[in-house]
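In what follows, a single structure is set out as structure tokens and then discussed.
As a basis for the values below, the full set of heavy atoms in this structure was taken, side chains included, without hydrogen atoms, waters or symmetry mates. Every chain is numbered from 1, with letters handed out A, B, ... down the list of sequences.
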Amino acid sequence: MKPLVTLTSRVVVLPNDNVDTDQIIPARFLTTTTREGLGEHLFADWRKDPSFVLNRPETKGAQILVAGNNFACGSSREHAPWALVDFGFRAVVSTSIADIFTNNAVKNGLLPVEVDEETYTKIVAAASAGNDEVVIDLKTQTLTLPDGHSGRFPVEGFARHCLLEGIDQLDFILREDDAIAEFESHR
Amino acid sequence: MNRTPRTLFDKLWDGHVVRPESEHHPAVVYIDLHLVHEVTSPQAFDELRRRGLKLRRPDLTVATMDHSIPTLFDAGEPRYADEQTRLQVDALKRNCEAYGVRLYEMGEPGQGIVHVIGPELGLTHPGKTIVCGDSHTSTHGAFGAWAFGIGTTEVGHVMATQCLLQRKPKTLEVRIDKTLGLGVSAKDLILAIIRQIGVDGGTGHVIEYTGECIASLSMDERMTVCNMSIEAGARAGLIAPDETTFNYLENRDHAPKGDAWERAVSEWRTLRTDDGASYDESVSIDASRIEPMVTYGTNPGMAIGISESIPMSGGSERQALQYMEMSEGDAMVGKAVDVVFIGSCTNARLDDLRQAASVLKGRKVADGVRVLVVPGSQEVKRLALAEGLDRVFLDAGAEWREPGCSMCIGMNGDAVASGQLAVSTSNRNFEGRQGKGSRTVLASPLTAAACAVSGKISDVRSLM
Ligand code: SF4
């Protein structure tokens with residue numbers, strides 16, 4: 001996993017609340033047995049609309065997706081973060097992000113950023129004004145807008161450590177082998 | 001002795017911590033049962049292979065095929081939707097063989113939707129930690145197990161270590177007083193709960209359902225409630241085990257037997273929230289005020305009682321109404337229905353099929369409506385056949401299929417066509433969930449059957 005320390009990028013704003021994982025990647029694309037190449041199907045049904053935000057040339061190359069409240073609710077499919085990462089996103093920003101998605105995202109180098117209402121509104125406004133280069137700093141857990149407004153966001157400490165260092169969580173659990181064997185011996 | 005009063009969830013947590021959490025890392029939590037299916041496992045098996053790791057506890061791992069398998073067969077041969085789905089099912093077979101995992105294959109007794117077979121086989125016990133690469137793993141919480149959905153990377157973690165990294169979630173008590181009225185079922189109850197607390201009302205929390213109403217529910221009904229905990233954003237849903245739970249489990253294939261059974265039950269009896277223990281949050285609902293519920297939008301919280309009309313909405317809800325071709329102020333009753341789906345891990349157990357059949361018996365499906373009935377498992381199918389429920393469905397003009405997820409997710413070719421309105425007993429009414437462009441109304445098996453008969457969204461109580 002590539003470490004993620006700071007990220008400077010323009011944003012793509014998808015203001016809908018409750019964007020579910022079936023929208024991020026519809027079920028018909030889950031018949032794959034690999035994790036590669038899913039970016040092509042990201043928001044497959046919405047992308048059919050030529051005016052959909054990801055089809056606009058000015059959003060090309062943006063690495064931060066900003067979405068409405070309760071982002072990525074629904075299914076546990078890790079295909080959702082895989083598709084976002086494959087498409088080029090490294091962070092998602094919302095006022096609330098679903099638990100399972102958050103769990104999946106951090107394991108794939110995708111940073112979930114939960115901001116307060118005020119920061120969210122400011123990002124949306126900045127994006128509609130076309131001045132939307134945002135800096136996300138994982139060390140200080142801050143997101144800063146071009147006008148200098150800065151909001152803090154929470155990240156679970158271990159996930160943060162793993163993202164900063166590019167550490168794989170499985171290696172950490174594998175080191176607990178003795179404790180696990182000990183636990184099993186009492187069952 | 002730990003004298004501090006604890007919640008049911010505290011007890012489940014305490015019983016599974018291999019290494020406690022600290023500021024620097026989450027707890028290492030032991031997993032007692034890992035359920036596996038074809039969609040979220042292939043990349044995890046590949047990861048084991050890539051790292052040269054063993055699957056630590058094949059004996060605690062059970063696999064089935066459900067999501068992408070066909071529900072129709074030609075002369076005994078499964079009619080796959082496409083080559084990809086066949087390859088996915090084959091990959092599961094090969095992986096289970098290679099890693100020594102017990103797989104319940106298509107057509108074999110025991111096979112079915114992963115959350116239907118766990119309890120049926122007696123694998124789901126009170127007090128266990130149960131995970132699966134599937135968000136509706138919350139279903140198993142109906143037995144007083146801590147059961148939750150995980151992503152594929154974590155599926156790999158469990159395969160390799162039988163453990164997961166977890167921060168202790170908060171607890172939310174949802175207390176349901178009084179009992180449900182005639183024609184109102186567990187599905188209506190959970191839709192009413194989600195409407196009240198919201199689709200993110202459970203985020204960060206494990207819900208414990210308590211109260212008189214919950215105690216009166218059968219296991220099949222309790223599973224319906226816990227199944228949709230994830231639809232309120234919750235990490236898991238729980239119900240304390242009681243006599244209903246023990247009666248359900250006794251003598252099932254993988255349930256303890258003899259003395260071991262007695263010991264297990266006396267231990268399971270301790271799995272309840274102690275007097276004086278406190279939840280982080282509590283809400284309560286009066287079950288007697290709940291009507292049959294239907295959804296009108298594109299998330300399960302957009303639900304109303306059958307006699308209400310669609311409320312005023314704002315923001316994203318507008319877009320949802322547009323997608324659903326519905327308007328504020330409209331009644332749901334009377335809207336024409338194209339498809340009725342009776343199935344899924346929410347509502348494809350014997351109780352559910354019996355309820356649907358009670359409405360369809362002696363009646364006919366309305367002209368032009370397609371009705372698909374898909375039992376949740378081979379066992380549900382067997383019991384339904386023994387009672388002649390298949391005949392009731394077929395005589396009414398419904399299709400009766402082989403077990404699987406089917407039209408709940410539409411991966412196997414059983415899909416709702418674009419623009420069609422489906423009344424479905426499943427759990428998600430997301431845009432396109434049942435097929436590209438499909439519009440879904442979530443409802444109970446009773447309501448779904450009533451809609452099948454009238455060809456319109458209907459109040460089942462008028463047929464009772
Ligand atoms: S029936 Fe539907 S919700 Fe349940 S496991 Fe299958 S696809 Fe998921």
Side-chain angles (χ1 to χ4, degrees), chain A residues 15-23 26-36 44-46 48 68-70 73-82 96-101 103-108 156-159 161-162 168-174 176-177 179-180 182-184 187, chain B residues 18-19 23-26 28 30 39-40 42-43 46-47 51 53 56 67-68 82 84-85 87-88 91 133-135 137 148-154 156-157 160-165 167 199-200 203-204 230-231 233 235 298-299 301 315-317 319 409-411 428 430-433 436-437:
Chain A
N16 312 36
D17 289 342
N18 306 316
V19 171
D20 57 72
T21 49
D22 276 79
Q23 305 321 313
R28 61 184 184 279
F29 302 113
L30 307 188
T31 55
T32 176
T33 51
T34 63
R35 44 174 100 198
E36 284 80 39
D45 289 340
W46 288 352
K48 281 201 210 75
N69 194 55
N70 195 28
C73 54
S75 148
S76 63
R77 61 187 71 162
E78 201 160 317
H79 309 69
W82 292 338
S96 155
I97 302 175
D99 288 335
I100 304 181
F101 178 86
N103 242 325
N104 288 337
V106 295
K107 294 182 181 65
N108 290 281
E156 192 279 310
F158 183 69
H161 172 68
C162 292
D168 184 282
Q169 301 196 4
L170 178 53
D171 290 334
F172 177 87
I173 318 178
L174 283 167
E176 295 295 314
D177 195 55
I180 298 168
E182 161 77 9
F183 184 90
E184 281 175 327
R187 303 236 102 191
Chain B
V18 172
R19 182 170 166 189
E23 193 196 323
H24 302 293
H25 59 78
V28 176
Y30 197 78
V39 180
T40 54
Q43 297 88 348
D46 282 350
E47 189 67 12
R51 293 176 181 244
L53 293 167
R56 186 183 179 97
H67 283 68
S68 49
D82 51 38
Q84 276 277 103
T85 52
L87 290 175
Q88 194 170 55
D134 191 284
S135 58
T137 309
F148 55 102
I150 56 179
T152 297
T153 299
E154 289 190 323
H157 292 182
T161 68
Q162 205 58 30
C163 288
L164 281 174
L165 294 170
R167 288 278 176 200
V199 285
D200 59 352
T203 304
I230 181 67
E231 258 54 69
R235 299 261 181 107
T298 56
N299 72 57
S316 310
E317 297 214 332
Q319 193 179 329
I409 189 162
M411 282 184 71
R428 288 189 173 140
F430 297 156
E431 282 184 31
R433 168 75 177 187
K436 212 194 302 176

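By number of non-hydrogen pairs under 4.5 angstrom with chain B, the leading residue of A:H161, A:E156, A:R35, A:R77 is A:E156. Most heavy-atom pairs under 4.5 Å with chain A, from the set B:G233, B:C163, B:G410: that is B:C163. Of the listed residues A:N104, A:I173, A:I100, the one with more heavy-atom pairs under 4.5 angstrom with chain B than any other is A:I173. Ranked by heavy-atom pairs under 4.5 Å with chain A, the first of B:V18, B:D46, B:T85 is B:V18. Counting heavy-atom pairs closer than 4.5 Å to chain A, the top-ranked of the candidates B:D134, B:L164, B:L165, B:V28 is B:L165. Ranked by heavy-atom pairs shorter than 4.5 Å toward chain B, the options A:Q169, A:R187, A:E182 are led by A:R187. Looking only at heavy-atom pairs under 4.5 Å with chain B, the residue among A:T21, A:N69, A:T34 that has the most is A:T34. Chain B forms the most heavy-atom pairs under 4.5 Å with one residue out of A:D22, A:D45, A:V19, and that residue is A:D22. Counting heavy-atom pairs closer than 4.5 Å to chain B, the top-ranked of the candidates A:I97, A:D168, A:N108 is A:D168.
What you find for B:S135 and A:S75 is that their closest heavy atoms are OG-CA, 3.7 Å. Between B:I230 and A:G74, the shortest heavy-atom distance links the atoms CG1-O, 4.0 Å. Scanning all heavy atoms of the two residues, the minimum distance from A:T31 to B:Q84 falls at OG1-NE2, 3.3 Å. Here the shortest heavy-atom pairing between A:F158 and B:R167 reads N-NH2, 4.4 Å.
With a 4.5 Å cut-off on non-hydrogen atoms, A:N18 touches chain B through its side chain but not through its backbone. Looking at A:T32, both its backbone and its side chain come within 4.5 Å of chain B, counting heavy atoms on both sides. Proximity to chain A is limited to the side chain of B:N299, based on heavy atoms less than 4.5 angstrom apart. Using a 4.5 Å cut-off between heavy atoms, A:P15 contacts chain B through its backbone alone, with no side-chain atom that close. Contact of B:V199 with chain A is made through backbone and side chain together, with heavy-atom distances under 4.5 Å. Neither the backbone nor the side chain of A:A98 comes within less than 4.5 Å of any heavy atom of chain B.
Checked by atom type, the side-chain pair B:T153/A:E78 shows a donor-acceptor distance below 3.5 Å.
Here the side chains of B:T152 and A:W82 are in contact, with some heavy-atom distance below 4.5 Å. A 4.5 Å side-chain heavy-atom check between A:D20 and B:R433 finds every atom pair outside the cut-off.
In this structure a side-chain-to-backbone donor-acceptor pair under 3.5 Å is missing from A:D99 to B:T203. Using a distance-only test at 3.5 Å, with no hydrogens or angles considered, no donor-acceptor pair links the side chain of B:Q43 to the main chain of A:H79. Of the possible donor and acceptor atoms, one in the side chain of A:Q23 sits under 3.5 Å from a partner among the backbone N and O of B:E431.
The SG atom of A:C73 sits 4.5 Å away from atom CZ of B:F430, with the distance rounded to the nearest 0.5 Å. Between the CD atom of B:Q162 and the CG atom of A:D177 there is a distance of 12.5 Å, given to the nearest 0.5 Å. Rounded to the nearest 0.5 angstrom, B:H157 NE2 and A:L170 CG are separated by 4.5 Å.
Taking the six-membered ring where the residue is Trp, A:F172 and B:H25 present tilted rings, their angle falling between 30° and 60°.
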